[in-house]
Structures are given as C-alpha cells and as structure tokens.
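First the structure, in the form of structure tokens, and then the observations on it.
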Amino acid sequence: MSEIYLDYNATTPVDPRVVKAMEPFLYENFHNPSSLYKGAKITKKAIEDSREKIAALIGASPKEIIFTGGGSESDNHAIKGTAFSLMHKGKHIITSSIEHHAVLHTCKFLEKIGFEITYLPVDSYGIVTPDSVKRAIRDDTILVSIMFANNEIGTIEPIKEISKITREKGILFHTDAVQAVGKIPVNVKEIDVDMLSLSAHKFYGPKGVGALYVRKKTRIASLIHGGMQERGKRAGTENIAGIVGAGKAAEIAMEEMEEEKIKIKPLRDKLEKELLKRIPEIIVNGHPSKRLYNTLNITVKYIEGEGMLTFLDFEGISVSSGSACASGSLDPSHVLLAIGVPVEHAHGSLRFSLGKYNTEKDIEKVIDILPGIVERLRKISPLWKEK
Ligand SMILES: *Cc1c(COP(=O)(O)O)cnc(C)c1O
C-alpha cells in the first residue's frame with residue numbers, strides 16, 4: 001500500500017530537481033568555501049547564487065539573507081538577536097499566543113532572564129488584530145514578532161497592517177513566514193518587515209537549512225560565534241549542499257507557486273466540502289478565506305484525534321492531529337485553545353495539509369474512509385453517548 005501523505009505543513013519531500021542540484025556539492029564540490037584554491041571558489045559562488053535565489057523569492061537583496069539551520073534557528077536568531085542587541089533600550093517583546101513553539105519557547109526563555117513578553121490573544125479565526133498590537137506597545141517595547149501564516153490552522157495574519165504600526169513607533173518587527181514562503185507570494189518590501197524567517201524543508205527543499213532575512217542596517221546580535229561565515233552572523237562551515245538545495249527549491253517555488261495553488265486549492269476545498277457534508281458535528285478551524293490554500297483543520301466533536309489518526313494511518317493516510325509538537329503529548333494544541341475551541345473538543349482535531357504530489361484520488365480515499373472511522377469511534381465514545 002502506498003502512502004497518502006497529507007502532512008505537508010510538517011515537512012515536504014525533496015523535489016528531485018533539488019536533489020540533482022545538491023548532488024555535486026556532496027561529491028566533487030566538497031571544498032570549504034573559506035579556503036583559497038579553485039575548488040573553494042566554486043563552493044563560495046554556489047552559496048552566493050543560492051543567496052540570490054532566496055532573496056529573489058522574498059523580494060530582498062542578497063546581502064539581507066543569512067543562511068541558518070532551519071526555521072527554528074531563524075526564529076531564535078531574530079528574537080534573541082534583537083533582545084541581546086537592544087536590551088539597553090528596553091526588555092519588552094510582543095508576540096501572539098498562536099506562534100510556533102520556536103517563537104513561544106524562545107520568548108519563555110527570555111522571560112526567565114528578565115525580559116517581559118506580551119502574548120496577544122487572537123479572535124476565533126486566529127487573527128491578531130493590528131489594534132491589539134498598537135495597544136500593547138510600551139516605551140520599552142523592542143520587538144514585535146507575529147507569524148505570517150499559522151502552521152496548524154492556516155490563518156494568514158494582517159502583517160502589512162501590523163508593520164505600519166511598528167514602523168510608526170520605530171519598533172523592530174519580525175515575522176515567522178515559514179508556512180508562507182514558497183506557498184504564497186511574500187515580498188519583504190511590500191509587507192515592510194525588518195526580519196523574516198523561512199525554512200527550505202517546508203517548500204520541497206532539504207531539512208536543516210533555512211534563512212533569516214534581516215533588513216539593511218538592522219543590527220542584531222549573533223548567536224553562533226566563531227568564524228566569519230555569513231558576515232560574522234552565523235559561524236561554522238556552511239552546509240553547502242543544503243544551501244544549494246534551498247536555492248533550487250526557492251527558484252522552483254517562484255516559478256511554480258501559482259500552478260501549485262491552482263492544483264491544490266480545489267483538492268483542499270473538495271476535501272472540506274465533502275467532509276462537512278458526510279460527517280455530522282464537525283467544525284472547520286481557521287479563517288474561511290484568509291487561510292493557506294493547502295490547509296484544512298477540523299474538529300470532530302466527541303472523539304480523539306489520535307484515534308482517527310491511527311485508523312487513517314492503518315489505511316496508509318498520514319495526517320496530523322494538531323501541530324507536530326502538540327501531537328505526541330496529551331496537551332491539546334495551544335493554537336486551538338487560543339481560538340476558543342473547548343478543551344474537550346480540541347482533542348478531536350485533525351490537520352490535513354496538502355502539497356504538490358497529492359492527487360484527486362488521494363482526497364477521494366480520505367472522503368470515502370474518514371466518515372466510517374468517525375462513526376466507529378463515536379460508537380465507542382462515552383462523550384458521544386452522553387451528548
Ligand atoms: C516548521 C515551522 C517552524 C520550524 O522550522 P524548522 O525548519 O523545522 O526548524 C517554525 N515556524 C513555523 C510556522 C513552522 O511551520
């Protein structure tokens with residue numbers, strides 16, 4: 001039985017064209033870019049070519065791109081880097097309650113060492129209102145960090161409206177755009193942010209490589225000290241093959257993003273429509289329209305997401321019961337709780353996230369199978385009997 005993979009927000013397979021671009025840099029072009037012979041010039045140039053491609057994907061200039069070890073590192077670098085460089089000015093940071101753990105846990109760490117964090121609430125769709133950001137700003141606020149698109153429910157935040165406020169107040173603004181970059185057009189000039197995180201494995205590139213956009217003239221502290229790689233911002237011999245892969249993935253995304261949307265959105269819409277029709281008492285989480293076109297998060301009342309996940313897995317269908325971090329623990333997802341899903345229902349949530357290798361047949365199989373699974377689980381659920 002071949003797998004039906006519907007968890008593209010967790011990670012994506014590497015595009016074969018990306019693997020091909022990376023290959024030479026694992027074999028013959030292995031040279032350390034900091035060395036001085038011919039081989040090193042090739043690897044150094046490969047990194048700079050890749051930097052241009054990543055910059056082009058988000059409308060930045062190549063000098064504004066720092067390669068990192070992925071989305072989590074980019075988030076850490078933006079937030080801790082700002083905190084460490086501006087702590088003499090203030091120690092207050094504003095973020096939202098639905099951020100990825102790479103942002104939330106970084107903020108929790110900073111709280112322990114004397115920073116103050118405001119975790120903004122969101123509305124029932126998961127939207128952070130620009131007005132709530134405005135009201136939370138204080139004289140000692142040094143950074144606002146609000147994600148571009150949520151990984152669990154797909155809601156897209158009003159980044160441009162928020163940046164208008166931070167710009168007016170002269171406060172740095174970071175956005176975790178890991179779920180947006182490569183899926184939808186993102187332009188740093190247009191949204192006017194100071195820092196932006198992205199990760200290659202969320203758009204068919206390799207894992208363990210990402211980038212942080214840092215707007216020209218923005219000074220943030222380094223986290224990894226050592227050599228002068230990445231202009232002293234991130235020491236360590238570069239992950240050349242990974243960086244080349246990220247660049248190739250960015251190039252492909254730029255060219256094919258629109259086609260992918262045209263293919264994927266109708267599949268997601270069909271899945272949503274049919275599941276709503278066939279399963280009673282389910283709720284769609286996230287914003288109806290301001291939502292990533294590949295994401296469907298549903299709450300199936302009166303049963304556990306883990307139960308559904310197990311039965312789906314048995315049929316070769318891979319989905320997530322919330323965020324990859326939330327699943328595996330028994331705590332319900334912080335995102336679902338923040339949008340007001342009651343604890344007892346939050347446990348019954350499933351996230352489908354589609355990608356470019358999904359077909360109509362994949363979706364039809366889920367539509368065929370899930371209603372029966374829900375029925376079976378509800379039959380043995382005490383919650384369903386009591387309702
Ligand atoms: C996946 C993800 C991250 C973490 O990226 P890694 O490359 O896995 O470290 C951060 N933020 C969001 C919104 C994500 O979806």
Side-chain angles (χ1 to χ4, degrees), residues 5-14 18 54 57-58 65-80 95-109 119 122 126-128 145-157 159 174-184 186 191 193 195-213 223-224 234 239 242-243 245-246 249-250 253 285-287 290-297 319-328 333-336 338-339 351-355:
Y5 184 74
L6 293 167
D7 203 15
Y8 282 80
N9 287 6
T11 193
T12 63
V14 183
V18 169
I54 295 282
L57 180 63
I58 59 168
I65 301 297
I66 302 170
F67 284 113
T68 66
S72 299
E73 185 185 319
S74 297
D75 288 342
N76 271 263
H77 195 165
I79 298 168
K80 289 178 191 161
T95 188
S96 85
S97 47
I98 63 162
E99 298 297 312
H100 190 274
H101 283 146
V103 168
L104 288 179
H105 291 172
T106 300
C107 288
K108 289 276 174 235
F109 163 77
Y119 301 92
V122 292
I127 300 265
V128 178
S145 179
I146 306 288
M147 72 200 317
F148 197 113
N150 184 270
N151 46 304
E152 292 188 40
I153 57 176
T155 296
I156 297 170
E157 301 297 342
I159 297 302
H174 163 251
T175 187
D176 173 346
V178 171
Q179 285 297 340
V181 171
K183 287 193 185 86
I184 56 177
V186 172
I191 57 175
V193 296
M195 287 169 280
L196 178 145
S197 303
L198 63 89
S199 180
H201 77 99
K202 301 289 173 84
F203 57 94
Y204 310 98
K207 293 170 199 18
V209 56
L212 179 65
Y213 158 80
L223 299 189
I224 311 287
R234 206 267 192 176
N239 173 9
I243 288 171
N285 298 310
H287 196 280
K290 290 172 195 146
R291 179 159 44 121
L292 293 173
Y293 59 79
N294 77 318
T295 306
L296 173 64
N297 187 306
V319 302
S320 159
S321 66
S323 75
C325 318
S327 53
S333 138
H334 65 284
V335 176
L336 298 177
I339 61 171
R351 177 188 69 186
F352 301 93
S353 49
L354 284 61

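Just follow the structure's listing: the first ligand is 1, and inside any ligand the first atom is 1.
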For Lys290, what residues pass the salt bridge (Lys or Arg N to Asp or Glu O under 4.0 Å) criterion, not counting sequence neighbours?
-> none
In a simple table, one pair per line, please give the protein and ligand 1 atom names for every N or O pair closer than 3.5 Å, along with the distance.
residue  : atom   : partner : partner atom : Å
ligand 1 : 7 (O)  : Gly71   : N            : 2.8
ligand 1 : 7 (O)  : Ser199  : OG           : 2.6
ligand 1 : 7 (O)  : His201  : NE2          : 3.2
ligand 1 : 8 (O)  : His201  : NE2          : 2.9
ligand 1 : 9 (O)  : Gly71   : N            : 3.4
ligand 1 : 9 (O)  : Ser72   : N            : 2.8
ligand 1 : 9 (O)  : Ser72   : OG           : 2.7
ligand 1 : 11 (N) : Asp176  : OD1          : 3.3
ligand 1 : 11 (N) : Asp176  : OD2          : 2.7
ligand 1 : 15 (O) : Gln179  : NE2          : 2.7
ligand 1 : 15 (O) : Lys202  : NZ           : 2.8

What heavy-atom pair brings Thr95 and Cys107 nearest, and what distance separates the two atoms?
-> CG2-SG, 4.1 Å
When you check the side-chain N and O atoms of His174 and Ser197, is any donor under 3.5 Å from an acceptor?
-> yes
Counterpart residues, ring pair (Phe, Tyr, Trp, His ring centres under 6.0 Å), relative to Tyr5 (two or more places apart) = Tyr8
For Asn150 and Leu292, the nearest pair of non-hydrogen atoms, with its separation, is O-CD1, 4.1 Å
Set of side-chain hydrogen bond (donor to acceptor under 3.5 Å, both in side chains) partners for Lys183, sequence neighbours left out = Gln179
